[in-house]
Each structure stands twice: as C-alpha cells, then as structure tokens.
2 protein chains.
Amino acid sequence: MDIQQKLNQQGLRLTQPRQVIMEVLESTGMPLLPQTIQQRAHESGSKISLVTVYRTLELLIELKLVRRIHGQDGCHGYILSSPGHHHHIICQKCGRALEFNGADGIVKLLDQIERDTKFKIESHLLQLQGVCPDCQKEKDHEK
Amino acid sequence: MDIQQKLNQQGLRLTQPRQVIMEVLESTGMPLLPQTIQQRAHESGSKISLVTVYRTLELLIELKLVRRIHGQDGCHGYILSSPGHHHHIICQKCGRALEFNGADGIVKLLDQIERDTKFKIESHLLQLQGVCPDCQKEKDHEK
DNA sequence: TCCTTATTGAAAATCTTTTTCAATAAGGAT
DNA sequence: ATCCTTATTGAAAAAGATTTTCAATAAGGA
Ligand SMILES: [Mn+2]
Ligand SMILES: [Mn+2]
Ligand SMILES: [Zn+2]
Ligand SMILES: [Zn+2]
C-alpha cells in the first residue's frame, strides 16, 4: 500500500505540498530542519509555507514515514524512515544517516537493564553519531 | 574536588543562583524544565531569572554535572548526573529517573553495529522510558 | 575593606512551533 | 467534465523557547 492509499484510507488527501516534502526527504539521506525542508522545496520550484512543513512532518511521523532526530545542540531534524523498528546513525562529517536495527544486541541490553534496575522498559531512544565509511577514507587522505 | 573548587579553578564563581539551582536539581530525581527549575527556586525563597537558569544549565552541562533529557514531545528536561558514563531511564508514571550504565551490553552492541555499518561510532544517545518498581506496585493494586 | 571582573536581571531580540481563520484544492459523486 | 463537500493550505498572529545586550550587582582575591 502506497502513501496515496494510506492517506485516502483515513480520509486524508495526497496534496502537492505533501508530495513535495516527501520528495525533499527522499532525495536527502540526512536529517533536515523544517526550515531547510522549506528551502529545498522552494529551490525545486515549490513554495510551501513553513506552517505546512510542520503540519506535514507531524502527519508523516504519525504515519511512521518520518522520524525525529535529536541534534546535539537542541534543534530537531527530520528524516525519512523505512517501516519497522530500527535506529539511526548519523555521520558527523557529512551528515548522512544510515538505519540499523541491531535487534539482537538491543534486546539483550534491555533485558539486562530491566534485571538491574527493576524497571519495566516501555520504549527506548537510541541514536548514534560517528563517521561514515566514505568520510573515514577522506580523513585518511588528509594525513 | 567539589563544585566550588571546580568553578574557581576556571575563574568562575560559586554564586547564590548557581547554588540554588543545584539544590533544586539535587532535591528532585527527575528531569525538570528550565521554567520549572525557576519556579522551584522561587518556592524555596530564591527569585532567580529564567535567563540565569538557562545560563547556569549550560554551564552545568559543560561541567558534566547535568544532562539534557529529550522529551517525547520535543521539550527538554535537565537532570543532575553523577560523573562517569551512564544513561537515564525515566518512569512514565511518576517521572523519576534512574541512572544505569549497562556498560557491557552497550559496548557489545556498539561493536556489533560498527561491524555491520562500517561506521566509526563516536558517541551515542540512549534514553529509556518505562515504569519504576514503585509505580509497578501501584499498577498491581488498581487491578 | 577595596578592586576587579564574573555574573545577574530586565528588556528586547531571536528562533521555534502552534493556533486562527478565510481561501483553496483534493477527490468522490453526479 | 462539472459539482460539492470538506480536508488542507497560507498569511498573520500568538505562543513558547532560548539568546543577546548592557547596566547594576556581588564573588572572591588582594
Ligand atoms: Mn531498538
Ligand atoms: Mn530533543
Ligand atoms: Zn560521512
Ligand atoms: Zn515511577
């Protein structure tokens, strides 16, 4: 089921701005600020209100098509996300993000923590920062 | 080395507002909004500017005495943090937070992810939500 | 007690996100 | 292809969060 149907199914509409915002996110494998999304849309010929960007991101998050990324500073980026449980690792050089699931390790880790803390864990936020393979090569060149 | 020395060492001063904010954070084992910190300070007899709260939190984070907690919605809480590497698990019933380190499991997990993704991991953000032991008991009573 | 200057608070600026509401445009029905 | 209903948009304003400015204040070493 594509996004068109997913929306209509709930009485929602696949509008021009929604398509454009999806395209912007699809064409960029990295977390973008709402403001940046608006700019990119504008550069590709579509003037979209920033208000609409916020509203659309909220919707796309509900539809599990987009996730919020927490920046070091405090600002929030938004990135396209494939379905299913996974997390993001973001390159601190080029900004690109990669999904991973590391299901095994995470389940074990959470089990261990539940035993240690006696908490019942309901949800987790895991986000990694690092250097992607490409940027590692470049760093080598500099030396 | 206590906070007094830690500050003086860098030419910084242990002021009234800084002490009060530390006390507020110490007396509450849960993430607080800057605004809430100001209120608590006021309730305990110290009028502190919200500006000072922000500035002090920034400082305390640099000194590694405080950490930022990412709320589900987007607002940020601040919580006292003991030295060393660890993470927080927050009770979604009562708000209380507990530190854990789960060092073993995390190291293994990160190693696995480095192998899988070929990224060089530099830092990670891990934050758990759940129900604390106390609140689990209360839930049982309701049944 | 005095001096230097780091720090504070009030106000304003800046930035982010949400709300309002009239105009617009999806998309199902005719 | 045209009409209708109403979900959606955009402009403006409101609300909320965080930062900057700058004169007055207070740490803390001399
Ligand atoms: Mn997970
Ligand atoms: Mn955040
Ligand atoms: Zn990279
Ligand atoms: Zn609890």
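- In terms of phosphate contacts, B:T52 brings a side-chain nitrogen or oxygen within less than 4.0 Å of OP1 or OP2 of C:dG9.
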ask   = If you write DNA chain D from 5' to 3' in dot-bracket form, with Watson-Crick or G-U pairs under 3.5 Å, [ ] for crossing pairs and | for pairs with another strand, what do you get?
value = ||||||||||||||||||||||||||||||

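- For D:dG28, the OP1/OP2 oxygens have a side-chain nitrogen or oxygen of B:Q4 closer than 4.0 Å.
- The residue among B:L14 and B:V51 whose nearest nucleotide of DNA chain D lies closer to the 5′ end is B:V51.
- One cannot find a donor-acceptor pair under 3.5 Å joining the base of D:dG29 and the side-chain atoms of B:R13.
- Distances shown here put a side-chain N or O of B:N8 below 4.0 Å from the OP1 or OP2 atom of D:dG28.
- Side-chain nitrogen and oxygen atoms of A:Y54 include at least one within less than 4.0 Å of the OP1 or OP2 phosphate oxygen of C:dT17.
- Rounding to whole angstrom units, CD1 of residue A:I3 and C1' of C:dA26 are separated by 14 Å.
- A distance-only check finds no donor-acceptor pair linking the side chain of A:R40 to the backbone of A:L25 [under 3.5 Å].
- The phosphate of C:dA26 has neither OP1 nor OP2 within less than 4.0 Å of any side-chain N or O from A:R18.
- Under 3.5 Å, the side chains of A:S81 and A:H86 contain a donor-acceptor pair of N or O atoms.
- Atom CD1 of B:I21 and atom P of C:dG9 are 9 Å apart (whole Å).
- One interatomic measurement links the two molecules: CG of A:L12 to C1' of D:dT9, which rounds to 14 Å at whole-angstrom precision.
- In this structure a side-chain-to-backbone donor-acceptor pair under 3.5 Å is missing from B:Q38 to B:V53.
- Between B:L50 and A:R68, the one whose closest nucleotide on DNA chain C sits nearer the 5' end is B:L50.
- Between B:H76 atom NE2 and C:dC15 atom P the separation is 18 Å, expressed in whole Å.
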Candidate pair A:T56 and A:Y78, rule side chain to side chain contact (heavy atoms under 4.5 Å, CB included), full reasoning = CA-CA 11 Å; A:T56 301; A:Y78 296 83; over 6 Å; no

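- In this structure, A:E58 atom CD and C:dT18 atom C1' are separated by 9 Å, rounded to whole Å.
- OP1 or OP2 of D:dT9 has not a single side-chain nitrogen or oxygen of A:Q16 nearer than 4.0 Å.
- Transitive grouping of hydrophobic side chains (ILVMFWY, heavy atoms separated by less than 4.5 Å) keeps A:I79 and A:I89 in distinct clusters.
- Atom CD of B:Q9 and atom P of D:dG29 are 13 Å apart (whole Å).
- We find that CD of A:Q19 is positioned 15 Å from C1' of D:dT9, with the value rounded to whole Å.
- Two residues, B:C75 and B:R55, neighbour DNA chain D, and the one matched to the more 5' nucleotide by heavy-atom proximity is B:C75.
- Side-chain contact, A:S44 with A:E23: no donor N or O sits under 3.5 Å from an acceptor N or O.
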